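The structure appears below as structure tokens.
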There are 4 protein chains.
Amino acid sequence: MPYRSTDKTRTRKDARRTDMMQAAVRVFAEKGYYAATVRDIVAAANVAVGTFYFYFPDKETLFVHLYEETADFLLQSLQQAVNSRKTLPEQVAAGCQTYVNLATYEPAIVQLLLVGGVGALPELNARRVNFREGLIRLWQRPLEAALEQEQVPLQNTRRTAEGIAGGIDEMILNLLALPNPDLEASAAATEMTAFALRAAGYQPQ
Amino acid sequence: MPYRSTDKTRTRKDARRTDMMQAAVRVFAEKGYYAATVRDIVAAANVAVGTFYFYFPDKETLFVHLYEETADFLLQSLQQAVNSRKTLPEQVAAGCQTYVNLATYEPAIVQLLLVGGVGALPELNARRVNFREGLIRLWQRPLEAALEQEQVPLQNTRRTAEGIAGGIDEMILNLLALPNPDLEASAAATEMTAFALRAAGYQPQ
Amino acid sequence: MPYRSTDKTRTRKDARRTDMMQAAVRVFAEKGYYAATVRDIVAAANVAVGTFYFYFPDKETLFVHLYEETADFLLQSLQQAVNSRKTLPEQVAAGCQTYVNLATYEPAIVQLLLVGGVGALPELNARRVNFREGLIRLWQRPLEAALEQEQVPLQNTRRTAEGIAGGIDEMILNLLALPNPDLEASAAATEMTAFALRAAGYQPQ
Amino acid sequence: MPYRSTDKTRTRKDARRTDMMQAAVRVFAEKGYYAATVRDIVAAANVAVGTFYFYFPDKETLFVHLYEETADFLLQSLQQAVNSRKTLPEQVAAGCQTYVNLATYEPAIVQLLLVGGVGALPELNARRVNFREGLIRLWQRPLEAALEQEQVPLQNTRRTAEGIAGGIDEMILNLLALPNPDLEASAAATEMTAFALRAAGYQPQ
DNA sequence: TATGAATGAGAATTCATTCAT
DNA sequence: TATGAATGAATTCTCATTCAT
């Protein structure tokens, strides 16, 4: 059974890789792309500089990869929450609740996406646009459906969705800026939902 | 005949300083604080490196100064527009219109404030928070007044204001991302206004 | 098989550090603090710029450290030579002999202390004063003892010690300025001793 | 009378030139060659940077010129004092007295020569050597004369002169380091004289 | 003559990346 | 695999010097 040990090795290697990526997310989220040095990251992961380059090709690639991965994770989580509901109020509530939960449990991920990646690399701009588009469409689709059913007034749903997306992000960031976000989390989710529904002009029939 | 310092020289010096600051705003807005090098800025202003340090103490000081100056300018412009109206719809319309105008005529300023300053210097964080607070309070005050007059439903005005501020910023950034923002400017201002009023739950009496 | 840090690597690192410090002493002694650039030092040590900053925090810190270290070394060597003798002539002879030996074998150290550190950094002034004081007291103490035993006439021993210290330094520098100091070293030590004893007004009983 | 004004002009120009040179001596003496900037000098002279280059070709040339000029002045003053006496004790006393007077009235000049020029420019080394030689020969000549008359014991007069020159310089510097050199000046001159005579082994007949 | 705005070569320092062990 | 010593390109900033006014 010559390959048994390789399994263990692979597991260990993956674990370490994951550790380093998590450390990197924290450091990037805290300092931003430029201020975060490779030495900061390896210090946070308790490994040597050389090890970084064993697992990742370079700082930039890792950052872009991390950004994409966390963006996909966030978007899919939200999408799934929204998709599993039928009515606009339920969809909005589920999305806001999920977003608040994620922000509370994984603040570094949210910080990385909303702050750490801004004005970082030119190469990242396309991904940033993708992420913003994803968030906007997340809200635009339910809005279109509601519009068809005349649950919301006639409007430019694209622009409303932009507003809702930006508004929720701002509320999330303000929540995370509190000394103890947990305490406010529940109320925040409720109020975000109310905000988004009002902004859509939703009128229950 | 000795050198006259109070003649055209003075005017020229001021003009040059202004040129350099405008160039710096453009470069900072485009690349962000870290990626923008002093050489980029002087190249954009068509002067030599030394000239930069003749006019400004260092890159960081200039950036912070520029950020503060443009933040004050934007907030005061918006505040003035809002203050000169009485009713909530007029206030919101005036604010949105002014914001769109500024974004259209001085896109670099708006980019600098909304993008270029994010995740830049630790020293800038306090000013960033101040700027966000300024934007939030800009909307919160009219909201409070409307609440007293029962023109909007009971709500957490702070959080609604966060949402409106973030929503409008996102719409502004999406407007600026268009190939020709001018064409959409008017519609955008109208739709931002409608968005903000709906988000506040405003009901005309 | 991971990297062993406690093997030859350690020894090599120490050796390299020592090499670089010796190179730095030579360059500083030859050019003085300001004219000696970091590039000069790394060129003399055959390493890259970055290596300098891997071993030392910055140019200034290294220089001050080097100055202190060599000053301590010189003062202790001289003090020890003087302390291990009983009578004034023996003490002076031992001190001069040791000084001449050091100057002959480690001219860079002596140059650094007597020339390289003059007018260098404001931060160094305190250490320079300490060094001069050390040299002066080195001669003042035996002088006081001899005065008590009436082997030297009544005098301001502080000022005599200043004169002896300055005189010997000047003779050392003139010795080092010769094309081949070794040839003169022995005679120089003898004559320095005679000079210092005469300057003290020493009369054998 | 077309050239009348030129006289005045020339006088003024010379006066300003002298002012600037004196300011330069002070600044160089205080900070040393490298740390003293052209801006420091023109600030001390209350003129503009450009004016500096109207009067002097460049910083280095001015410094070398200043060094030579003050070195000549000091050496000639001392030489004259020594030459105008006949016996060794008188010569030494006159030299020490003059040196102390100069150091008290023109501390900047003495500081410049003894400290400001050390380790400054490679180009200055030759002049520094000349200055030291001048000081050494100042004492060596009377010493030779005294030796011929058997007023001092057989000795290497060159080395004794080095010692006396270095010793006196050290005592001068220590005098100038006092908070109020004036108070000690007289005693210092007396003690320097005694030191030098003892160091020469002088025995009054 | 005198000014001071403008220049740019050169210095110190940082940090992503490589590679022998 | 893992390490950390070594590298050098790139950045910020200084300061002697020039030159139009």
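Just the heavy atoms: all of them, side chains too, but no hydrogens, waters or symmetry mates, feed the values below. The structure displayed is predicted, hence computed values, not measured ones.
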Are any non-hydrogen side-chain atoms of B:Asp14 and B:Thr11 less than 4.5 angstrom apart?
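No, every pair of side-chain atoms sits at 4.5 Å or beyond.
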[X] side chain N/O closer than 4.0 Å to the phosphate oxygens (OP1, OP2) of [N]?
X	N	value
D:Thr51	E:dT3	yes
D:Arg16	E:dA2	yes
B:Thr37	F:dT11	no
B:Tyr53	F:dC13	yes

Of the nucleotides [options], which has the atom closest to the [X] side chain?
X	options	value
B:Arg39	E:dA6, F:dG4, F:dC13	F:dC13
B:Val47	F:dT7, E:dT7, E:dA5	E:dT7
C:Ala48	E:dT13, E:dG4, F:dT7	F:dT7

Heavy atoms only: give me the nearest C:Leu66-C:Ala24 pair and the separation to one decimal.
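That closest heavy-atom pairing would be CD2-CB, 3.8 Å.
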Please report the shortest heavy-atom distance between B:Tyr53 and B:Val38, naming the atom on each side.
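It is OH-CG2, 3.6 Å.
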Between [atom2] of [N] and [atom1] of [X], the distance in whole Å:
X	N	atom1	atom2	value
B:Arg10	F:dA20	CZ	C1'	18 Å
A:Tyr33	E:dC15	OH	P	13 Å
C:Glu60	E:dT13	CD	P	8 Å
C:Phe56	E:dA12	CZ	C1'	16 Å
B:Phe54	E:dG4	CZ	C1'	6 Å
B:Lys59	E:dT14	NZ	P	15 Å
A:Arg17	F:dT1	CZ	C1'	14 Å
B:Tyr34	F:dT11	OH	C1'	13 Å

Within the 4.0 Å heavy-atom criterion, would you say B:Val38 contacts the bases, only the backbone, or no part of the nucleic acid?
sugar-phosphate
A:Tyr55 near the nucleic acid: base, sugar-phosphate alone, or nothing, with a heavy-atom cut-off under 4.0 Å?
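Sugar-phosphate: the residue A:Tyr55, judged by heavy atoms under 4.0 Å, touches backbone atoms but no base.
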Quick one: salt bridge (Lys or Arg N to Asp or Glu O under 4.0 Å) partners of D:Glu68, sequence neighbours excluded?
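Testing D:Glu68 for salt bridge (Lys or Arg N to Asp or Glu O under 4.0 Å), a comparison that skips the adjacent residues, returns D:Arg127.
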Both conditions, 6.0 Å and 45 degrees, for the charged tip of A:Lys59 above the ring of A:Tyr33: are they met here?
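Relative to the ring axis of A:Tyr33, which defines the angle, A:Lys59 lies inside both limits.
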First encountered from the 5' end of DNA chain F, between C:Phe52 and B:Arg12
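The residue mapped nearer the 5' terminus is C:Phe52.
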Nucleotide paired to E:dA20 in any strand shown, Watson-Crick or G-U, under 3.5 Å
F:dT3
Using the closest heavy atom to pick a nucleotide of DNA chain E for each, name whichever of A:Ala36 or C:Val49 lands nearer the 5' end.
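Closest to the 5' end, via its nearest nucleotide, is C:Val49.
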